[in-house]
Structures are given as structure tokens and as C-alpha cells.
S.K.: 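This is the structure, below, for whatever I ask next.
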Amino acid sequence: MFDVLRKNKWKRIVVNVRKEVVKHFAALCDSLDFGAYISPRDYFVSYIFETDKQLEMAMNSGLLEEITDYHKSLMENNGYPIEAISDCEFASREDCKKKFNGNWYYYYK
């Protein structure tokens, strides 16, 4: 029972942080996460831009680092284990549609 409660806690933190980051940065259009919430180390979060060009501009402007720093600070402030907080992934919806017909599972596989 304790593991289930802990798993739900980690999942809730990840989902809430993802939503807050997307809300905070207007350039983002979505986010997703993959992983096993039972172990906080076994997940990753990806923040999604609409186009390849937007992603490239964000990379060149330092926005990706800003998003990653904000993400990490929210994770820590919400009680996620510090040693399990990882850098974010970034992608564009355009690239996923082009390569995998919009299927994020196969995009990250």
C-alpha cells in the first residue's frame, strides 16, 4: 500500500509541474512524460514546441535552459527527490508528425 501511495505522489508532482511549466512559457504547446513512477529516477519529461523552427529558436536563445531550470526548481519545491530530478527533453510536434505520424511513444522509443 505504501508503494502505491508513493507512486501516486510522484506521478502527481510530475503532472502538476508539467502543467505549470507549459502555462508559464507561452512558446510551449504541450508536454508529456514517460516512465515508471514507482521509482522517481525512471521517468522523463518532454516539453513540446509546435514547429521545428520554434524549437530551434528556443535552443539558440537559451530558452531551453530557462525551461529546464524552472522545471527542476518546481520539482524540488514540490518535494520530488533531488537526486532523481533530470534534465528535460524537448521536441516539436511537427517532427513527431513527420517521423512517426504523431505517435509520441514511437518517437521516444
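All values below were derived from every heavy atom in this structure, side-chain atoms included, with hydrogens, water molecules and symmetry-related copies excluded. In this text the structure is predicted, and so the values were computed from the model without any measurement.
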S.K.: Measure the shortest side-chain to side-chain distance between R18 and V14 over non-hydrogen atoms and say whether it is less than 4.5 angstrom.
M.R.: yes
S.K.: Between M59 and M57, is there a shared hydrophobic cluster once you connect ILVMFWY residues whose side-chain heavy atoms come closer than 4.5 Å?
M.R.: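 Looking at the clustering, M57 is in a separate group from M59.
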S.K.: Would you call the rings of Y43 and H71 parallel, tilted or perpendicular, taking 30° and 60° as the class edges?
M.R.: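 If you compare the ring of Y43 with that of H71, the planes turn out tilted.
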S.K.: With sequence neighbours left out, what residues match C96 under side chain to side chain contact (heavy atoms under 4.5 Å, CB included)?
M.R.: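 Counting only residues at least two positions away or on another chain, C96 forms a side chain to side chain contact (heavy atoms under 4.5 Å, CB included) with W104, Y107.
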S.K.: Excluding sequence neighbours, so at least two apart, what forms side chain to side chain donor-acceptor pair (under 3.5 Å) with K19?
M.R.: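 Residues passing side chain to side chain donor-acceptor pair (under 3.5 Å) with K19: none at all.
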S.K.: Answer whether the closest heavy-atom distance between the side chains of N16 and N78 falls below 4.5 Å.
M.R.: no
S.K.: Could you work out, with side chain to side chain contact (heavy atoms under 4.5 Å, CB included) as the rule, every residue matching A84, not counting sequence neighbours?
M.R.: P40, R41, Y80, P81
S.K.: Just wondering, do Y106 and N101 contact through their side chains at under 4.5 Å, heavy atoms?
M.R.: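 N101 does not reach Y106 side chain to side chain.
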S.K.: Run the salt bridge (Lys or Arg N to Asp or Glu O under 4.0 Å) test against K99 and tell me which residues pass, sequence neighbours left out.
M.R.: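 Per chain and number, K99 pairs via salt bridge (Lys or Arg N to Asp or Glu O under 4.0 Å) with D95.
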S.K.: Partners of F49 by ring pair (Phe, Tyr, Trp, His ring centres under 6.0 Å), sequence neighbours excluded?
M.R.: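 With sequence neighbours excluded, F49 shows a ring pair (Phe, Tyr, Trp, His ring centres under 6.0 Å) to no residue whatsoever.
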S.K.: Does any non-hydrogen side-chain atom of L55 lie less than 4.5 Å from one of L64?
M.R.: yes
S.K.: Provide the full list of salt bridge (Lys or Arg N to Asp or Glu O under 4.0 Å) pairs with a residue in residues 54-79, sequence neighbours left out, each pair given once.
M.R.: K72-D87
S.K.: Quick one: do I82 and I13 end up in the same hydrophobic cluster if we chain Ile, Leu, Val, Met, Phe, Trp and Tyr together by side-chain heavy atoms under 4.5 Å apart?
M.R.: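 In one cluster: no.
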S.K.: When hydrophobic residues are tied together by side-chain contacts of less than 4.5 Å, even through go-betweens, does Y108 share a cluster with F100?
M.R.: yes
S.K.: Is there a side-chain contact between K98 and D52 in this structure, where contact means two heavy atoms from C-beta onward sitting under 4.5 Å apart?
M.R.: yes
